[in-house]
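Encoded as structure tokens, the structure appears first; notes follow it.
In what follows, chains carry the letters A, B, and so on, assigned in the order in which the sequence lines appear, proteins first and then strands, with residues in each chain numbered from 1. If you're wondering where the values come from, they're calculated on a predicted model, not measured in any experiment. Atoms considered below: every heavy atom in the structure, side chains included; atoms not considered: hydrogens, waters and symmetry mates.
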There are 2 protein chains.
Amino acid sequence: MTDLDTTFDDAGPGDADAPMTRGEKREQTMCRIMEAAKKCFVHAGFQGASMQQICAAAEMSPGALYRYFPSKEAIIGAITEADRSQDAEIFRTMFENPNVVDGFVTAAMAHVRHMHESGNASLFTEIRAESMRNEAIDLTCQSAMGTVQQGFRDYLQGAIDRGEIEPCVELDAMLPMIIAIGEGLAINDLPSKGVPLDSIETLMRVTVEAMLRPRKRANANDN
Amino acid sequence: MTDLDTTFDDAGPGDADAPMTRGEKREQTMCRIMEAAKKCFVHAGFQGASMQQICAAAEMSPGALYRYFPSKEAIIGAITEADRSQDAEIFRTMFENPNVVDGFVTAAMAHVRHMHESGNASLFTEIRAESMRNEAIDLTCQSAMGTVQQGFRDYLQGAIDRGEIEPCVELDAMLPMIIAIGEGLAINDLPSKGVPLDSIETLMRVTVEAMLRPRKRANANDN
DNA sequence: TCCGAAAGAGCGAACGTTCATTCTCATTTA
DNA sequence: TAAATGAGAATGAACGTTCGCTCTTTCGGA
């Protein structure tokens, strides 16, 4: 409900009564449609939700809606792009944390928390299922995750070069696995199943340490 | 293609020309329909694939097909049940291995390998997406995973009681997380993305050891 | 300041298509 | 011969999208 509500407070004309320019109003209507569509998609699926239902949820007629999006597919594409880039954004903060393990765990926990609070787990699952057969959606996902993965790669490579970590497998193999694990945790929305956040964080930290093997001090215990 | 081809060789009448009883033939036709439907579902989704397409793939008319399944939903249900119980079967072998870490890693790797070879990753993703909104499908998934989880629980609890492992978080929290991680790995079909099976196994072993903390020998290195 | 035309925004009935399912009738099987 | 199996045209509903129309907003020129 609050995800796409990007109301632009800057560049306001000053008046509080009719302050919106044409473009602003248009953008706001597009967000309204996307929010309505998201609700429909979540409980009927991309193909199961009809345009009529989306129109009803957005409180507008088909004729009006089609002035903003040329097709149902375009709405799906826009929602996917917004959702994926929002997810990618969360991981960007990670790269500023000098402690690799902390940075990772913090970002991953933020991701889990966000998925739980926004209730986007089933939307994400829907997107993932669609990406398996819809090339355009797949490209959007790959693009978003590719950015994350590249940043992630640089981040870990830097830590390796500085001798801070010594990953148990090479980066090219590890990165897709980490992302896969993250997806599994995201889809399952564990907090909603009664798994406490503390437990998730503990297990995540233990796991990440085992994978990355931080070398803060001389710790001569290899397998 | 070979998943549901459970041809029954036992109870054969002996003749090789027309050896099938009525019931056997019926079962075989149902499998044929399910295989055809699976193909359609994989590349169009449950809702995107039409009955006409499924009929064409199964090489039969709608009238004939409806003698075997009362609705499209029934086909989806049958496929889900077969797929989920097949997955659950893989994990059952784990519980016979006395070494917990080995048993786990072996079963998980079998799962990853099976997902890759059968090309069922996208079917599984579709099932998972459907389970988010279709209660019947959700129940099927929960039932299958519940069985796995219960067996898993007993297995790990036994190892704890024997002092073989000392999990880093309590079982009730750990089990859903392990299953979630497994799902993430399954959905992403890492081998198809060029991640070698060796790397997956290494990371899995390292991770599992960190989570379960096996105590084979006195290993006084805690954090 | 006001006018009128052009463009934007909205409506909802209607379009042609496709959907899941059913019906009737023929053929095969026990 | 009765039941099971199969075919495929037919059915009504629902789909995504379009169309023609009205109402509102914008804005240059008198």
Side-chain angles (χ1 to χ4, degrees), chain A residues 13 15 17-41 43-79 130 133-134 136-137, chain B residues 11-15 17-34 36-41 43-79 130 133-134 136-137:
Chain A
D15 195 337
D17 205 11
M20 261 181 284
T21 74
R22 190 97 103 186
E24 282 169 349
K25 196 159 165 9
R26 194 174 169 79
E27 191 130 0
Q28 189 176 289
T29 306
M30 288 179 84
C31 285
R32 179 156 61 93
I33 294 171
M34 283 165 75
E35 280 306 312
K38 211 163 26 164
K39 273 181 213 157
C40 296
F41 290 150
H43 87 281
F46 284 150
Q47 322 198 56
S50 75
M51 289 301 267
Q52 298 286 352
Q53 288 169 330
I54 295 171
C55 289
E59 294 176 286
M60 55 193 327
S61 65
L65 190 145
Y66 271 85
R67 296 225 184 253
Y68 295 88
F69 292 95
S71 66
K72 189 182 181 182
E73 183 127 352
I75 302 179
I76 295 172
I79 287 179
E130 185 70 16
R133 49 190 132 82
N134 185 328
I137 302 296
Chain B
D15 195 338
D17 205 13
M20 262 180 283
T21 74
R22 189 99 104 190
E24 281 169 350
K25 196 161 167 7
R26 196 177 167 78
E27 190 129 1
Q28 189 175 290
T29 306
M30 288 179 84
C31 285
R32 179 155 62 94
I33 294 171
M34 284 165 75
K38 212 167 20 167
K39 274 181 212 158
C40 296
F41 289 151
H43 87 278
F46 284 151
Q47 321 196 58
S50 75
M51 288 302 266
Q52 298 286 352
Q53 288 170 331
I54 295 171
C55 288
E59 294 176 286
M60 55 195 322
S61 65
L65 191 146
Y66 271 85
R67 299 239 182 241
Y68 294 89
F69 291 95
S71 67
K72 189 182 179 180
E73 183 127 353
I75 301 179
I76 295 172
I79 287 178
E130 185 70 16
R133 48 191 131 85
N134 184 328
I137 301 296

For this session: Have a look at Ala49(A) and say if it touches a base, only the backbone sugar-phosphate, or nothing, with a 4.0 Å heavy-atom cut-off.
Result: sugar-phosphate
Listed pairs, N/O of protein and of nucleotides 17-20 of chain D, under 3.5 Å:
{"from": "dT17(D)", "atom 1": "OP2", "to": "Tyr66(A)", "atom 2": "OH", "distance (Å)": "2.5"}
{"from": "dT17(D)", "atom 1": "OP2", "to": "Lys72(A)", "atom 2": "N", "distance (Å)": "2.9"}
{"from": "dT17(D)", "atom 1": "O5'", "to": "Tyr66(A)", "atom 2": "OH", "distance (Å)": "3.1"}

Exercise. Mapping Gln53(B) and Thr29(A) to their closest nucleotides on DNA chain C, which lands nearer the 5' end?
Worked result: Thr29(A)
For this session: Map Lys25(B) and Ser50(A) onto DNA chain D by nearest heavy atom, then report which one ends up closer to the 5' terminus.
Result: Lys25(B)
For this session: Looking at every strand, decide which applies to Phe69(A) at a 4.0 Å heavy-atom threshold: base, sugar-phosphate, or nothing.
Result: nothing
Seminar exercise, completed: CZ (Arg67(A)) and OG (Ser61(A)) are apart, to the nearest 0.5 Å, by 9.0 Å
Exercise. How many angstroms lie between atom CE of Met51(A) and atom CZ of Phe69(A), to the nearest 0.5 angstrom?
Worked result: 9.5 Å
For this session: Please list, in 5' to 3' order, the outermost nucleotides of DNA chain C lying under 4.0 Å from any heavy atom of chain B.
Result: dC19(C) to dA30(C)
Problem set entry | Value rounded to 0.5 Å, distance of CZ in Arg26(A) from SG in Cys31(A) | 12.0 Å
Problem set entry | From Leu65(A) atom CG to Lys72(A) atom NZ, the distance as rounded to the nearest 0.5 Å | 12.0 Å
Problem set entry | Whole-Å gap separating P (dA3(D)) and CZ (Arg26(B)) | 16 Å
For this session: Look at the side-chain N and O atoms of Ser61(B) and state whether any lies under 4.0 Å from the OP1 or OP2 oxygen of dA7(D).
Result: yes
For this session: Flag the pair Lys38(A) and Glu35(A) as a salt bridge only when some basic side-chain nitrogen lies within less than 4.0 angstrom of an acidic carboxylate oxygen.
Result: yes
Seminar exercise, completed: Output for pair (Ile76(A) CD1, Gln47(A) CD), nearest 0.5 Å, gives 7.5 Å
Seminar exercise, completed: Residues Glu130(A) and Ile137(A): closest non-hydrogen pair is CG-CG1, 3.9 Å
Exercise. How far does CZ of Phe41(B) sit from CD1 of Ile75(B), to the nearest 0.5 angstrom?
Worked result: 6.0 Å
